[in-house]
Enquirer: 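This is the structure I want to talk about, given as C-alpha cells.
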Amino acid sequence: MKEIALRFNDTKLTDLIFVENASNQITFETVKCTDPVVSTTEESGVLLNGRKFNHLLYMHRDIEVVISSDEIDNDVFEFLQSFWVARFKYISFYKDSTWGNYVQIMTESGKFPLTYIEDIKDLPEVSFNLSYANPI
Amino acid sequence: MIEIILKDFANEVALLPIRAVEFYSLVEWGDPYDANIVIHNLEAESSFNITAVTRNTHLGTIKRLGYKFEATLYIPYNNLAENSFDYIFEEVLKGRYTLSIILGTARAWTQNGYEPPVAINSTSGMKISISNYALNHTIEIESVEFRPRVVIKLFGFVKKLNEIFVL
C-alpha cells in the first residue's frame, strides 16, 4: 500500500491539492514512514547570576522516510537524487484511502543518504529526514 | 484468474540427491579459460540453500529484497595435482561462470557426450543454475578420518528467485 508521495518542482507550487499524475512525482510504500513529530529550536544560555534560561524560537514537524531496494530501480534512483537537490520539495501522505494536500518540506544538507543493505550493491536504501518548511 | 492447487504428495515426492556440479566459464571465444568442468560423485554431506534477504517494515511485516545462494560441496577426489584442482579453481574459474547443481537423474552438459556414472537413489532429475556477476567460491582442504578432501563453498546473490533457473 502506498504511503507517501515525493514531488519536486523548479518553482513554488501555487496549488497544494494532490495531483495523481504530476510530473516529477513518485509514490512509495516505504519500509519506514513515521508520523510527523514536533521538533523544537530553542535559544538557551546562562545569565550572569547563574540562572539558566531557554526560549522557544520555532516548532516544526519532522518525519523520517526509508525507501528500500525493492522500490529503487535506476529511474527511481535518479528521481530520488533529483529530489534531494531540488529547490522546492513536497510530500503528500496517503491516509484513509485518500491523498492529502502537498506539504513543502526541507531535506538535510550534505551527501545523498544512501546505504547498501549487507553491503550488497544491488540492495540500495535511501533514508530521508524531512522537516516541514513552515513552522507550527 | 490463475488457480493452482497442489495436492497428492503421497508417493509423489522425488528423490533428488546432489549428483554433480557443473561450472561453465565462457570468457571469450577461444580463450584458454573457456571451460566446462563437471565434478561427479560428490559426497552425500554436500548441501545447498537459498535464503531470502529481508527488511523489516514499520508495519511489522517484511519485504523480500533478494536471495542468497550458498552451497557446500564435499569432493572426495583427493589426488589434487592429478585432478588439476588448483588449476581449475584458481585459474580457470578466476572470472565469471555459470553454476549448475545437478540433482538426481539430470545430466550435466558435456561437449563430447560423456556418459556419467549411474544415478543412485534418484527418482527424478533437476538442474539448479545460477548465472550472474556475483557468483564466487572458496576452496578448502580438510582432513577427515583416513583422507583429505576438498570443500568447495559457493556464494551467489540474485534479486529475484526466477533468476535461479530450475530445469
Side-chain angles (χ1 to χ4, degrees), chain A residues 1-6 26-39 61-80 91-100 105 113-131, chain B residues 1-2 23-27 47-72 93-101 128-140 152-166:
Chain A
M1 187 185 73
K2 299 292 185 186
E3 288 191 279
I4 192 170
L6 304 184
I26 295 183
T27 58
F28 295 95
E29 281 184 9
T30 77
V31 291
K32 185 177 185 182
C33 181
T34 63
D35 289 327
V37 292
V38 172
S39 173
R61 292 195 187 280
D62 290 352
I63 67 162
E64 188 181 347
V65 178
V66 180
I67 298 164
S68 201
S69 64
D70 61 316
E71 297 188 274
I72 301 176
D73 59 18
N74 289 340
D75 292 340
V76 172
F77 190 71
E78 287 303 315
F79 168 85
L80 290 172
I91 58 171
S92 170
F93 292 109
Y94 188 75
K95 275 192 177 168
D96 302 326
S97 303
T98 53
W99 286 101
I105 55 90
L114 171 69
T115 56
Y116 292 97
I117 296 167
E118 296 190 25
D119 279 339
I120 296 172
K121 187 175 180 292
D122 283 340
L123 300 181
E125 187 166 275
V126 175
S127 305
F128 288 133
N129 287 317
L130 307 176
S131 182
Chain B
M1 181 181 73
I2 296 171
F23 299 90
Y24 186 79
S25 167
L26 180 62
V27 182
S47 65
F48 70 91
N49 62 61
I50 298 166
T51 52
V53 178
T54 61
R55 175 74 163 84
N56 293 337
T57 75
H58 67 141
L59 300 174
T61 59
I62 59 155
K63 286 192 171 198
R64 292 179 307 279
L65 305 178
Y67 294 88
K68 279 186 174 175
F69 171 89
E70 287 183 27
T72 305
L93 300 178
K94 198 184 272 181
R96 299 201 309 266
Y97 52 80
T98 301
L99 172 90
S100 294
I101 303 277
I128 293 174
S129 300
I130 296 188
S131 175
N132 78 0
Y133 296 90
L135 190 64
N136 219 322
H137 65 267
T138 62
I139 311 164
E140 297 168 17
I152 306 295
K153 291 185 176 171
L154 300 157
F155 304 91
F157 173 80
V158 291
K159 280 203 85 173
K160 301 279 182 190
L161 200 54
N162 61 11
E163 291 172 40
I164 297 174
F165 301 101
V166 180

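Per chain, numbering begins at 1; letters A, B, ... match sequence-line order.
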Enquirer: Taking the side chain as every heavy atom from C-beta outward, state whether A:V66 and B:H58 have any atom pair closer than 4.5 Å.
Expert: no
Enquirer: Measure the CG-CD distance between B:L65 and A:E125 for me, rounded to the nearest 0.5 Å.
Expert: 7.5 Å
Enquirer: Quick check on A:K32: does its NZ atom have over 12 non-hydrogen neighbours (other residues, nucleotides or ligands) under 6.0 Å away?
Expert: no
Enquirer: Could you measure the distance from the CZ atom of B:F157 to the CD1 atom of A:I120? Nearest 0.5 Å is fine.
Expert: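 Answer for the CZ-CD1 pair, B:F157 versus A:I120, is 4.5 Å.
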Enquirer: Under a 4.5 Å heavy-atom cut-off, does chain B meet the side chain of A:E3, its backbone, both or neither?
Expert: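 Side chain of A:E3 only, per the 4.5 Å heavy-atom cut-off to chain B.
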Enquirer: Could you check whether atom CG of B:N49 has more than 12 heavy atoms from other residues, nucleotides or ligands sitting under 6.0 Å from it?
Expert: yes
Enquirer: In terms of heavy-atom proximity below 4.5 Å to chain A, should B:K68 be classed as side chain, backbone, both, or neither?
Expert: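 Just the side chain, heavy atoms under 4.5 Å.
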Enquirer: Nearest 0.5 angstrom please: A:T30 OG1 to B:K63 NZ, how far?
Expert: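 Reported value, rounded in 0.5 Å steps: 6.5 Å.
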Enquirer: A side-chain contact here means heavy atoms from C-beta on lying under 4.5 Å apart; do A:L123 and B:K159 qualify?
Expert: yes
